[in-house]
Every structure is written in C-alpha cells, then in structure tokens.
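Bear in mind that the values here come from a model prediction, so they are computed numbers and not experimental data. Remember, it's 1-based here, ligands and their atoms both numbered in the order they're listed. We number each residue from 1, following the sequence as shown.
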Amino acid sequence: MTDSLRFACTGCGKCCTGHHVPLTLDESRRWAHSGGQVVVLIEAFVVDGPGMPADQREHVLRRSYPVPCGASEMRVSVTFAAFNPGRCRNLDDNDLCTIYETRPLVCRIYPVEINPHIPLRPENKDCPPEAWEQGPELIHGQLPVDPQLAALVQASRQADRDDIAAKVAVCQALGMTTSALKGNGFTAYLPEMTAFAAALAHLADGQQGSWSLHVEDDDLTVKLRALGLQLTSEAPTYYAFIGF
Ligand code: SF4
Ligand code: SF4
C-alpha cells in the first residue's frame, strides 16, 4: 500500500450514484426538510465483548451509545444517511451537484476515509484511474495533506460523537430499536419522513426503550443469549437485516 496518493476529481459523478451518504444530525434535518429520504443503519456491540473490534476500542466507544437489551446492556452505533439507491436527487443532468455550496460533509471529504482505521485504497473507490494519476498530494501517511480537508474529516468524526445520543433518541421515538451485531450485519430502516422530522424536532431526553438484536446464526444466538441479551430472528417487517 502506498504511503502517498495524489488525486484530482474528474467530475465523473460516480460517487453521487448508488451511495447512501452519511449525514450529520443537522444535515439529516435539512435532507428531510428538502424532501429527501433518510435511511437509518444500526449496529451494536457489547463493551469488550461480542461485536467490539478490540483494535478500534476508542473509536467505536466514542461514536456509540449505551442502551438496555434484555437483562444486559449493549452500545449502538447509528448512521443517518441520504438514501441514494440510484442517482442522488441533487445530481443534475450534467452530473453537477445542485446544492454544491451546502453539500454534506461526507460529499466534501470523498474519496478520503472518515474511519481512521480504514486505509484509503483507490480500488475501493469509484474514482476512475486517471483521477489518481494527477493533481496534488491528497494524503501522506494516511493523513490528508490539505489542512482544510483534515479539518472536515475531524468535523465529521466529531459530529459522529456529538450526535449519537440524539440519533438514538430518534430511533427510540420511532421504534427503530432492533439492531444487528457489529461485524455480523446491520439493520436498515426507511422511516416515514414526516415522523422522522418531527422526532428530530422534539428530541426526548432520557427516553429508554428496550432494544433487541437481530441474529440469524445459531452459534452466535447461544453465545449472546448467555449474556442476557434480547434476541430476535423473526422475519423483519419494519426493517431489513443486511447480514455479512
Ligand atoms: S449531495 Fe451533491 S455531492 Fe452529495 S451525493 Fe448528492 S449530488 Fe453528490
Ligand atoms: S467518483 Fe471520484 S472522480 Fe468521480 S466525481 Fe466522485 S470524487 Fe470525483
């Protein structure tokens, strides 16, 4: 893996097609108010137990929130993302972003990774080969070279931490309280957007619904039940279980 990558966006628009774009809480609010659909992705882990990647301990703890689950407790990580199964609703016929000046943080950061534990690899990105053969140095030693880009990455990570309690409150208000185990999959919800916007506008403090884990693997079920966690394997109706 190279230590240094140069990059110049070719404007191909591929990153604006078929990508659910993670949004901060404020960006989610704006997305909802402008008529967009938000998809909610949830994964959970037990501290120093199942689902927790030990080498990412600090990172996953800071962007997660404790919730009751059966007789035990787990931590959930919640992503609100712009639901873009095809072309983003803001991409015009010339492959230009119609909200360029106010586009989400993640759109400004791409193709750089937000997660400090995921190295940037061009083969994992949509950008064409020529994008990596021109332009200034983008990253050096996996760190963004441009201080403004580095600040955007930090702002995105900070929003993940600042927003998690409110995101969990929204999930609880809308009954989105079944998660998957981190590393085993995630659950995905497409909330009705009027209710989603209302939940965002009236964040309830301290609301504590009980959560459950969707698990389809028999061995994992036995292991998690032994920890007192509430499990389900029923065919979901309100959400989709995306297993790995
Ligand atoms: S908001 Fe703009 S930059 Fe972001 S995915 Fe949509 S079209 Fe692309
Ligand atoms: S996929 Fe890469 S090269 Fe194409 S528009 Fe997005 S950032 Fe630019």
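Here the heavy atom of the protein found nearest to atom 4 (Fe) of ligand 2 is Cys12 SG, 2.3 Å. Cys127 SG, 2.4 Å is the protein heavy atom nearest to atom 2 (Fe) of ligand 2. Here the heavy atom of the protein found nearest to atom 6 (Fe) of ligand 2 is Cys15 SG, 2.3 Å.
Proximity of Val40 to Leu190: side-chain heavy atoms (C-beta onward) are nowhere separated by under 4.5 Å.
More than 12 heavy-atom neighbours from other residues, nucleotides or ligands sit within 6.0 angstrom of NE2 on His117.
Contact atoms of ligand 2 toward Tyr110: 7 (S) (distance under 4.0 Å to a heavy atom of the residue). Near Gly13, meaning under 4.0 Å from any of its heavy atoms, are these atoms of ligand 2: 4 (Fe), 5 (S). Atom numbering of ligand 2 starts at 1 in the shown order; those under 4.0 Å from a heavy atom of Pro128 are 3 (S).
Rounding to the nearest 0.5 Å places CZ of Arg89 at 8.5 Å from OG1 of Thr98. Put simply, CG on Leu120 and CD1 on Ile139 are 4.5 Å apart, with the number rounded to the nearest 0.5 Å.
Using the six-membered ring where Trp is involved, Tyr239 and Tyr189 have ring planes that are tilted, between 30° and 60° apart.
In the model, Asp126 has a side-chain atom that pairs as donor or acceptor with a side-chain atom of His19 under 3.5 Å.
For residue Cys9, an N/O/S atom approaches atom 8 (Fe) of ligand 2 to within less than 2.8 Å.
Salt-bridge check for Asp163 with Arg63: failed, with every basic side-chain N at 4.0 Å or more from each acidic carboxylate O.
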Full working for salt bridge (Lys or Arg N to Asp or Glu O under 4.0 Å) between Arg62 and Asp160: CA-CA 8 Å; Arg62 291 171 82 177; Asp160 260 3; over 6 Å; no
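Ring centroids of Phe186 and Phe241 are separated by 6.0 Å or more, keeping the two rings apart.
Within the cation-pi definition used here (under 6.0 Å to the ring centroid, within 45° of the axis), Lys167 qualifies as a partner of Phe80.
Neither the backbone nor the side chain of Pro111 comes within contact range of ligand 2; no heavy atom lies under 4.0 Å.
For atom 6 (Fe) of ligand 1, the set of protein N/O/S atoms nearer than 2.8 Å consists of Cys88 SG, ordered by chain and number.
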